[in-house]
*Asks:* 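Before I ask anything, let me first share the structure, which is written out below as structure tokens.
If you're wondering where the values come from, they're calculated on a predicted model, not measured in any experiment.
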Amino acid sequence: MSFWPAPHTEQPVHATVPLPGSKSITNRALILAALADRPSTITGALRSRDTNLMIAALRAMGTEITGDAETLTVTPAATLSSATVDCGLAGTVMRFLPPVAALAHGDVAFFGDEQARLRPLGTILDALRRLGVDIDGDSLPFVVHGTGSLRGGPVAIDASGSSQFVSGLLLSAARFDEGVTVHHQGDPLPSMPHIEMTVQMLQQADVRVEAPSDPRKDQIWTVSPGPIRAVDWEVEPDLSNATPFLAAAAVTGGEVVIPHWPQLTTQPGDVIREILVRMGAEARRFDGKLTVRGPDRLAGIDIDLHDVGELTPTVAALAALAYSPSRLRGIAHLRGHETDRLAALATEINRLGGKVTETDDGLHIVPAPLHGGSWHSYADHRMATAGAILGLRVPGVRIEDIGTTAKTLPNFVALWEAMLSGEEVAP
């Protein structure tokens, strides 16, 4: 087990941090390109463990994907074939690809990291069974017996555990004989911006999608059968990956600039601007750049993070360094992520002297003097970056397996250290 000594500073951070592309957009673009009517290109693609696993899986099923770094050319296979798919810990791979596998001619076997076996998959696998797919297994490892086509049609699911269950069905549905109508029945859906991202990208590919005007009341999505038009995708920077760097400005009273911040986006990471302002920071977007300036001290926050749960580790780290208590709500679904993020955050912050209590749907964080010590990442990239944020203000924090950040940001350590030195490193 290796531990990385998290850099500590007594000085305000001042840096410009360019970031690579969005994992969520990259993996959706890869699937849509693989199922499209002709070749397409993806510019600004993220190259990380999660996206490389998606690329390898689509290649194994017969898709031709060429190119180096962040520019890729995707040529759809005439016929998708049997394959073996390594999901790693990537939710987008294990939940988006089974519907694609149903369109293959032959068996597609899925496996992943040992920890991935705990991630819930029954919702997507049972939905596919009801749509006519033969599947062995209810969690990793499992096998999809593809027949080259899928009936599709209406299906009711409880996707309260992850919005990825809805997106996974919608992304491939235009290739189903009857398309699909997905009706969510259960507690309110988490991470709605990610479903909006899926719908927007489908519409860019000329797929006919009927989405609810108010998804809080009407949670039914319909995708009509038909071709998926090839699109030359341009991937935005990953705004969720930007949040630790912006948090660095907030906790040190410094200034961090993120170039190419989109004016309009469906990425949940954009909400960090509002969160930081509510905690006392300044956030200003001008000329395509987002600039965050930190306050003399951070205020706590009472916030519902249901739609932007992936920001919770960053917000929890900020809250642990604030001068007043915080309550993070609406995030019970985080217990089914790479790890139980609520338990992990409470355990690790408390290990450093914090005062965090788990609630039914979130965390209650009371400021307390923190000290150095070991911070366990649980093979969770966002847990690792949360520890790095705390390390800026708390000397002696040592993060286990900082390499897990390669899941979505392969050069996190170089970017973090460059930020502290004021240098600029290519994403």
*Asks:* So, applying side-chain hydrogen bond (donor to acceptor under 3.5 Å, both in side chains) with Arg329, which one of Asp361, Asp302, Asp360 is it?
*Replies:* Asp302
*Asks:* Nearest 0.5 angstrom please: Leu321 CG to Leu392 CG, how far?
*Replies:* 8.5 Å
*Asks:* Please test Asp138 against Asp126 for side chain to side chain contact (heavy atoms under 4.5 Å, CB included), starting from the C-alpha separation and ending with a verdict.
*Replies:* CA-CA 8 Å; Asp138 297 310; Asp126 288 344; 4.2 Å; yes
*Asks:* Nearest 0.5 Å, please: how far is CG in Leu239 from NE2 in His260?
*Replies:*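 Here the interatomic distance stands at 12.5 Å.
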*Asks:* Show the numbers, then the answer: is there a side chain to side chain contact (heavy atoms under 4.5 Å, CB included) between Met419 and Val13?
*Replies:* CA-CA 7 Å; Met419 174 189 70; Val13 169; 3.5 Å; yes
*Asks:* If I take atom CD1 from residue Ile25 and atom NZ from residue Lys23, how far apart are they, to the nearest 0.5 angstrom?
*Replies:* 12.0 Å
*Asks:* Flag the pair Leu19 / Leu415 as yes when at least one side-chain heavy-atom distance between them is below 4.5 Å, and no otherwise.
*Replies:* yes
*Asks:* First locate atom CG of Leu276, then atom CD1 of Ile272, and finally report the distance between them rounded to the nearest 0.5 Å.
*Replies:* 4.5 Å
*Asks:* Can you name the nearest heavy-atom pair linking Ala344 to Thr339, along with the distance?
*Replies:*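 The answer is CB-CG2, 4.1 Å.
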*Asks:* Measuring only between side-chain heavy atoms, which start at C-beta, is Glu255 closer than 4.5 Å to Val292?
*Replies:* no
*Asks:* After noting the C-alpha distance and the side-chain angles of Arg398 and Ser374, does the key distance pass the side chain to side chain donor-acceptor pair (under 3.5 Å) rule?
*Replies:* CA-CA 5 Å; Arg398 299 178 303 116; Ser374 299; 2.7 Å; yes
*Asks:* Can you give me the closest heavy-atom contact between Thr123 and Ile157, atom names plus distance?
*Replies:*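 Closest pair (atom of Thr123, atom of Ile157, distance): CG2-CB, 3.9 Å.
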*Asks:* Please determine whether side chain to side chain contact (heavy atoms under 4.5 Å, CB included) holds for the pair Val74 and Thr41, giving the CA-CA distance in whole Å, both sets of side-chain angles, and the decisive distance to 0.1 Å.
*Replies:* CA-CA 6 Å; Val74 182; Thr41 61; over 6 Å; no
*Asks:* Measuring only between side-chain heavy atoms, which start at C-beta, is Pro313 closer than 4.5 Å to Thr385?
*Replies:* no
*Asks:* Is a donor from one side chain sitting under 3.5 angstrom from an acceptor on the other, for Thr312 and Arg341?
*Replies:*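 Judged by distance alone, the side chains do not pair up.
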*Asks:* May I have the step-by-step check of salt bridge (charged side-chain N to carboxylate O under 4.0 Å, His left out) for Asp304 and Arg327, ending in yes or no?
*Replies:* CA-CA 8 Å; Asp304 187 334; Arg327 187 174 294 276; over 6 Å; no
*Asks:* Any side-chain donor-acceptor pair under 3.5 Å between Asp270 and Trp261?
*Replies:*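 There is such a pair (donor and acceptor under 3.5 Å, judged by atom type) between the side chains of Asp270 and Trp261.
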*Asks:* Any side-chain donor-acceptor pair under 3.5 Å between Thr198 and Arg28?
*Replies:*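 Side chains of Thr198 and Arg28: pair found under 3.5 Å.
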*Asks:* Please report the interatomic distance OG(Ser191) to NE2(His194), rounded to the nearest 0.5 Å.
*Replies:* 6.0 Å
*Asks:* For Phe176 and Leu103, which heavy atoms make the closest approach, and how far apart are they?
*Replies:*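 Looking at all heavy atoms of both residues, the shortest contact is CD2-CD2, 4.3 Å.
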*Asks:* Could you tell me if Thr51 and Asn27 have a donor-acceptor pair between their side chains, going purely by distance under 3.5 Å?
*Replies:*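 On atom types as modelled, these side chains do not qualify, holding no pair under 3.5 Å.
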*Asks:* Quick one: does Ile228's side chain get under 4.5 Å of Arg175's, heavy atoms only?
*Replies:*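 A side-chain contact under 4.5 Å exists here.
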*Asks:* Do His381 and Thr408 pair up side chain to side chain, a donor and an acceptor below 3.5 Å, judged on atom types alone?
*Replies:*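 The criterion, which ignores hydrogens and geometry beyond distance, is satisfied for Thr408 and His381.
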*Asks:* Considering only heavy atoms from C-beta outward, does the side chain of Arg47 approach that of Pro410 to under 4.5 Å?
*Replies:* no
*Asks:* If every non-hydrogen atom of Ala101 is compared with every non-hydrogen atom of Met61, which pair is closest and at what distance?
*Replies:* CA-SD, 4.1 Å
*Asks:* If I take atom CG from residue Asp187 and atom NE2 from residue His333, how far apart are they, to the nearest 0.5 angstrom?
*Replies:* 11.5 Å
*Asks:* Would you say Asp50 and Ser48 are linked by a side-chain donor-acceptor pair, where the criterion is simply a distance under 3.5 Å?
*Replies:* no
*Asks:* Assess, by modelled atom type and distance only, whether the side chains of Tyr378 and Glu400 contain a donor and an acceptor separated by less than 3.5 Å.
*Replies:* no
*Asks:* Should Phe3 and His376 count as side-chain neighbours, where that means a heavy-atom distance under 4.5 Å?
*Replies:*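 Phe3 vs His376: side chains touch.
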*Asks:* Do the side chains of Leu318 and Val251 get nearer than 4.5 Å, heavy atoms only?
*Replies:*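 Yes. Closest side-chain heavy atoms under 4.5 Å.
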*Asks:* With a 4.5 Å limit on heavy-atom distance, are the side chains of Thr84 and Phe110 in contact?
*Replies:*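 Heavy-atom side-chain distance check fails, nothing below 4.5 Å.
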